[in-house]
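Each remark here refers to the structure printed beneath this line.
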Amino acid sequence: MSTLAPEPVPADAPHPLDPLTAAELATAAKVLRGDARVTEDARFWGVTLDEDHARRAAPGETRRARAVVICPSAHLAYEVGLELGDTPRSTAWRELDVRSPGCSSEEARQAAAACRADPRFQRALALRGIHDVSLVMVDPESIGGFEPPEYKGRRLTWGSVWHRISEDDNGYARPVQGVVPIIDMESMEILHIEDHGVVPLSQESGVFSTGVVEPRPGLRPLEVVQPEGPSFTVTGQRIDWQGWSVRVGFTHREGLVLHDLTFDAGRKGPRQVIRRAAVNEMYVPYFDTASTQYRKNFFDWGEYGAGPLTNSLALGCDCLGVIHYFDAAVLGGDGVPRVIPNAVCLHEEDDGILWKHHDGRSGRTEVRRSRRLIISAFATVANYDYGFYWSLYQDGSVMLEIKMTGILSATGVAEGEETPYARRVAPNVAVTNHQHFFSVRLDMAVDGPRNRLVEVTAEHETDPELDPYGNAARTVLRPILSEAEGARRTDPSRALHWRVESAEARNRMGEPTAYRVHLENTAVLPVREDSVCARRAPFVGRQLWATAYDPDRRFVAGEYPNQAEPGADGVHKWQEEDRSLDGTDLVLWATVGSHHFPRPEEWPVMPVARARLRLEPDGFFDRNPALDVPPPVSCHAPRPRRRAAPGRYTLRTRTPEGCLYCCTVHR
C-alpha cells in the first residue's frame, strides 16, 4: 500500500500558536461583514486565536479564531467561530446578551464625543465655569452592578469627567466632581446627566512632562553595553536563552502571553515547566461613597481588553541594553486592524549575585552573577499604567513582576470636606482607597501534562515525646485532590506555599519533581460580603484556585463579565463540579493583590509600585542547575588603580584566583 507524502509546509507559515497577524484580522473582519446577520453599523470586540485548536494543529494547518461582533441597530451581539485559511469562513454563531461584550477604544471615543455634544452636559459644565467643552475629558466606565433599573436591558456605561485648561494639560489632576453622564453604548444616547452639586475645581497644575519640571542636576550617564550582542536567540516568536525556551503570544483580551516554557539543564534535553502563562484578568474596586467613586469597580481586561491598550515601547526609556521587539496586531472596534510596533520587549539584565561562597580557611571565593531574561509589555488603562515583566532566571526560576504607575484616579472635594474614604493629595483633590487584583492564569506542565497540587506548611511537632526541646517543626504536605478543595488562601504565619508536582516523574531522592509557587503580594477585600465588588469578583476572595483544564473556561471571572449577573460565572462556579485534580491537566489561577493607600508622594504621577509572583524549581533538579554558569569575565580582569578622594582610602584584595576586589572606605 502506498502513502502520499505530506504537503510541504511553507517556510513563512506561522507556528500554530503565533499571534494573529494584521492580515488575518482583516480577513476575519471581512468574513463577518459579509454575513447577512451583521448589520452595517457593526462594531467589534476582538478576534482571538483558537488556542485549543492551535495546540492540536500541525504547522501550516488552517488557523481558527473566535470573534465578537456587536450589531447595535439590531440589538444583537454574536460570538463567531472562524476559519482563516485559503477559503476563510465562519463556522459557528452564538448569540450573546448584547450587554456582554466589552467596550472598545473607538466606542469610548464616540461616547465621550456624545457627552460633549449634549446640551444638558454643557449646562452642567457651565455651572462650574467650564465653557470650552473641547477641553473636557470623559472616560466611559463599566457600570456593572449599578445599572439604573429604568434602563434595564440596555448596554450602558457612565462617564467620569475631567477638565483641562489647555491641550497639553493633565486633565486627571482636575476631576469634575458631581457630574455623571449615563450613556447607552449602542445608540450613543445620553440617557441622563446626574448632577450632585458644584464642587470647586482644583487650580493647581498637575503637569509633569519634560520641560515643565526642572531636571535634577548631577545625574551622569549609566550605559548598558553588550559588545558581543545578547545571549538570547529569536526565531519567529520563539526565544532560546540559557536553557530556557519560550514562545511569545498575544491576545486581544490578555495582551502578552507566554507559551511552552521549557528548561534544559546541563544540555540533557528540554523539560516542560509551564504550558501557558498570562495575566488573565485585572479587577480594580474603589471604596468610597462619593458620587463619582462608588460605582468604580472594573474588570479592565474583561471589559476593555489588554491587547488594544498595550503601549508601543521606546528604546532607552522602557527598555535598556540590546533589545529585541515583537510587534502585535489588534482589531479595533471599527473593524480595522492596527499594528502596535514594539509591543513586547525582550532584553537581559544583570541581577546581582546568583550564588557565592567564601572559604575563610583557604581564602578561596567562588561567586557567580545572576542574569535574567525579561519579556515585558505595558498597558495604559485611562489614567493608570501597568507593566508586566516576566523574568526567566538561570537557576530555572520564573517571576512575574507587575509595575503600577501612571496617574491616580482622583475625586474633587470642597475645602474642609471630610474624606473618610480617601486621602487629600492636592487642594480640592483626594484619592480614594482602592485595590488592584491581578489573576494570573498558569497552565502547568511540570515534566508533562499530568500534575497535582500540594499545599506546603511549616507546623510544630505536637507530640512532646518526639520533641523534648520544643523546637521541632515538620514540613506538612497536603495534596489538593479535587476542585472542591481548590480554593486556597495564603498564610505567611505557617510559611504556606504550593508545589505543582509531576504525577509521573521522580528525582533521584524518589520525590515527585515539582515547581514551588509563591505569592509575594496579596490583598483581601475590606468590604461587606453583600457589596457589589465582593459579589462581582468572588475570585479575589482566594489567593489561589485550581481547576482541571477546559478549553471553554478561559477567564477567571467568566467569558463576559460586562453587565453580567454578579457572580453568575467564573472559577468559583466551576469549582462546584468537583472534578479530580489528581494527575490532571492542571490550571492555576493565582490572585496577586495590592491594597493602595494613596500618598501625596504619588501625585501628580505615581512612582512605580510592585507586586510579584514567583515560581522556583522544588526537586525538579537533582542539584543546583546553575553550577555551570561561568564566572564574570570582569571578575578576572585587572582594574586600574584610582587615586582616593581626600578623607578616603582604597583597599584592594586579590583572591588566589586572581580576582581583584576594591572597596572605598570612609574615615
Side-chain angles (χ1 to χ4, degrees), residues 128 139-148 157-163 171-182 194-202 204 206 282-300 303 381-384 386 404-438 521-538 540-541 566 591 593-607 609 611:
R128 292 155 173 84
D139 285 340
E141 312 272 27
S142 55
I143 203 168
F146 292 103
E147 295 89 343
T157 190
W158 67 279
S160 57
V161 184
W162 318 86
H163 180 236
Y172 289 117
R174 289 191 179 83
V176 180
Q177 181 65 17
V179 179
V180 180
I182 307 297
E194 297 179 10
D195 192 332
H196 298 272
V198 175
V199 174
L201 293 171
S202 174
E204 183 177 273
M282 177 165 60
Y283 183 65
V284 186
Y286 283 70
F287 310 126
D288 202 336
T289 58
S291 59
T292 54
Q293 299 293 96
Y294 76 86
R295 299 175 178 89
K296 288 190 175 183
N297 72 117
F298 316 117
F299 292 105
D300 282 329
E303 294 175 318
V381 187
N383 52 294
Y384 258 111
Y386 299 93
M404 294 165 277
T405 181
I407 305 173
L408 303 176
S409 184
T411 182
V413 293
E415 296 295 334
E417 180 181 343
E418 293 289 329
T419 57
Y421 313 114
R423 188 170 183 186
R424 291 176 181 270
V425 295
N428 298 113
V429 179
V431 177
T432 296
N433 297 324
H434 59 282
Q435 291 177 324
H436 305 261
F437 291 101
F438 305 89
N521 299 88
T522 60
V524 177
L525 280 173
V527 297
R528 296 199 316 252
E529 291 185 2
D530 63 347
S531 67
V532 165
C533 52
R535 290 186 293 114
R536 284 195 85 203
V540 307
T591 310
S594 171
H595 189 99
H596 196 160
F597 293 102
R599 299 179 291 132
E601 291 85 353
E602 295 174 323
W603 189 259
V605 66
M606 175 185 165

Applying salt bridge (charged side-chain N to carboxylate O under 4.0 Å, His left out), name anything that partners [X], two or more places apart in sequence or on another chain.
{"X": "Glu417", "result": "none"}
{"X": "Glu303", "result": "Arg536"}
{"X": "Arg423", "result": "none"}

Do any N or O atoms from the side chain of [X] and from the backbone of [Y] form a donor-acceptor pair under 3.5 angstrom?
{"X": "Asp139", "Y": "Ser160", "answer": "no"}
{"X": "Ser202", "Y": "Glu204", "answer": "yes"}
{"X": "Gln435", "Y": "Val524", "answer": "yes"}
{"X": "Asn433", "Y": "Ala422", "answer": "no"}

By side-chain contact (heavy atoms from CB on, under 4.5 Å) - contacts of [X] (at least two apart):
{"X": "Pro420", "value": "Glu418"}
{"X": "Pro140", "value": "Ala108, Ala111, Thr157"}
{"X": "Pro604", "value": "Asn170, Phe208"}
{"X": "Glu147", "value": "Ile143, Leu156, Gln563"}

How about [X] and [Y]: do any of their side-chain heavy atoms sit closer than 4.5 Å?
{"X": "Leu201", "Y": "Val176", "answer": "yes"}
{"X": "Leu525", "Y": "Phe437", "answer": "yes"}
{"X": "Gln177", "Y": "Thr411", "answer": "yes"}
{"X": "Val431", "Y": "Glu602", "answer": "no"}
{"X": "Met282", "Y": "Phe298", "answer": "no"}

State which residue, out of Val527, Val284, Val540, fulfils the side chain to side chain contact (heavy atoms under 4.5 Å, CB included) condition with Cys533.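 Testing Cys533 for a side chain to side chain contact (heavy atoms under 4.5 Å, CB included) against Val527, Val284, Val540 leaves exactly one candidate, Val527.
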
Partner set under ring pair (Phe, Tyr, Trp, His ring centres under 6.0 Å) for [X], not counting sequence neighbours:
{"X": "Trp162", "result": "Tyr172"}
{"X": "His595", "result": "Phe597"}
{"X": "Tyr386", "result": "Tyr384, His436, Phe438"}

Considering only residues two or more places apart or on different chains, which pairs with a residue in residues 172-181 satisfy salt bridge (charged side-chain N to carboxylate O under 4.0 Å, His left out)?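 Checked against salt bridge (charged side-chain N to carboxylate O under 4.0 Å, His left out) - neighbours excluded - the pairs reaching residues 172-181 are Asp169-Arg174.
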
Contacts of Tyr283 that satisfy side-chain hydrogen bond (donor to acceptor under 3.5 Å, both in side chains) - sequence neighbours left out: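 So Tyr283 forms a side-chain hydrogen bond (donor to acceptor under 3.5 Å, both in side chains) with Asn297.
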
Side-chain donor-acceptor pair present, Gln293, Thr432, cut-off under 3.5 Å: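 There is such a pair (donor and acceptor under 3.5 Å, judged by atom type) between the side chains of Gln293 and Thr432.
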
